[in-house]
Amino acid sequence: MLVKKVEDLLNRQVEREGYSSNLYLSMASWAEINGLPGIAQWLYAQAEEERIHFLKFIKYINERGGSALIPEFKKPPSDFPGVEVLFSEVLKHEEFITSSINEIAFVTLQEKDFNTNNFLQWFLTEQVEEEASVRTIIDKLKLTGPANMYVFDRDILSLRTTSAETGTA
Ligand SMILES: [Fe+2]
Ligand SMILES: [Fe+2]
């Protein structure tokens with residue numbers, strides 16, 4: 001059984017992963033409208049991954065005798081001043097998610113809930129990868145510059161190793 005404190009934090013994470021998915025969907029839609037199909041495809045694939053994270057938390061809570069609650073989501077931003085700002089917002093959001101999962105992992109140790117701690121380890125590894133991949137994108141953006149967005153948009157999918165392996169991008 002999950003202790004209430006851990007269950008509540010896991011439900012908070014359900015909301016955060018679901019919101020992440022919606023945020024990246026909104027960004028993908030913005031990129032698609034603005035003639036950036038590569039960036040859009042990267043973000044749509046990212047949104048799919050976040051939906052998988054969302055489902056993993058739901059199923060874990062229920063599997064451990066808790067009750068996963070499907071929350072209401074706040075509306076993600078729908079307009080972005082440019083690609084650089086968009087990716088710096090992706091990075092900021094991923095850093096927020098990392099700290100959120102770290103916080104739950106800390107509480108699982110306090111509560112001696114080693115099963116949930118073990119469940120969270122996969123996410124902690126995933127966050128390291130996600131942050132690194134977004135930092136790589138931001139570095140490439142600085143190299144190509146706004147004048148070469150066509151080239152960047154064409155190349156971004158080659159930076160997405162995981163989706164290339166799973167064939168989702
Ligand atoms: Fe996630
Ligand atoms: Fe993420």
Side-chain angles (χ1 to χ4, degrees), residues 2 6-32 36 38-64 66 68-78 80 83-109 113 115-141 152-153 156-169:
L2 289 169
V6 172
E7 184 179 352
D8 288 349
L9 284 169
L10 290 172
N11 266 311
R12 187 184 73 176
Q13 197 63 28
V14 165
E15 191 278 332
R16 289 180 175 176
E17 298 292 339
Y19 177 77
S20 301
S21 184
N22 287 348
L23 174 64
Y24 298 150
L25 259 184
S26 184
M27 288 173 164
S29 182
W30 175 87
E32 197 162 51
L36 299 162
I39 293 170
Q41 206 180 327
W42 190 93
L43 288 161
Y44 278 125
Q46 197 62 31
E48 280 300 310
E49 284 194 8
E50 299 301 349
R51 185 172 161 75
I52 292 167
H53 299 170
F54 171 66
L55 288 170
K56 276 188 191 229
F57 275 98
I58 291 169
K59 289 184 175 172
Y60 179 77
I61 294 167
N62 292 339
E63 197 178 11
R64 296 296 311 287
L69 305 169
I70 309 308
E72 186 177 24
F73 296 108
K74 80 170 191 269
K75 189 177 175 291
S78 55
F80 303 91
V83 171
E84 292 88 345
V85 171
L86 184 147
F87 279 104
S88 73
E89 284 182 19
V90 171
L91 181 59
K92 216 164 70 186
H93 186 70
E94 288 300 330
E95 286 170 346
F96 163 70
I97 294 293
T98 301
S99 69
S100 176
I101 296 170
N102 270 314
E103 194 187 333
I104 312 172
F106 179 71
V107 173
T108 60
L109 293 181
D113 181 353
N115 294 304
T116 302
N117 187 272
N118 183 51
F119 166 76
L120 293 173
Q121 292 304 315
W122 182 88
F123 287 92
L124 290 173
T125 306
E126 175 75 9
Q127 284 310 115
V128 172
E129 286 169 15
E130 287 206 9
E131 282 189 27
S133 99
V134 180
R135 286 198 187 93
T136 302
I137 286 172
I138 290 170
D139 288 345
K140 300 270 181 203
L141 263 175
F152 176 82
D153 186 68
I156 185 171
L157 294 174
S158 69
L159 300 173
R160 195 181 172 84
T161 49
T162 48
S163 59
E165 283 156 20
T166 56
T168 52

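None of these values were measured; they are calculated from a predicted model. Each ligand, and each atom within it, is numbered from 1 in the order the structure gives.
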query = Which of these passes side-chain hydrogen bond (donor to acceptor under 3.5 Å, both in side chains) with Ser100: Glu17, Gln13, Gln127?
reply = Gln13
key: Distance-minimising heavy-atom pair for Val14 and Leu69   = CG1-O, 3.8 Å
request  = Would you sort out whether Arg135 and Glu95 count as a salt bridge (charged side-chain N to carboxylate O under 4.0 Å, His left out), showing the intermediate values?
outcome  = CA-CA 11 Å; Arg135 286 198 187 93; Glu95 286 170 346; 3.0 Å; yes
ask   = Hey, what's the ring geometry for Phe123 with Phe57, parallel, tilted or perpendicular (30° and 60° as the breaks)?
value = tilted
query = With a 3.5 Å cut-off and no angle check, do the side chains of Glu49 and Tyr24 form a donor-acceptor pair?
reply = no
request  = Run through the protein N/O/S atoms less than 2.8 Å from the Fe ion (ligand 1) and write them out by chain and number.
outcome  = Glu17 OE1, Glu50 OE1, His53 ND1
message = Looking at Glu103 and Arg12, is any side-chain nitrogen of the basic one under 4.0 Å from a carboxylate oxygen of the acidic one?
response = yes
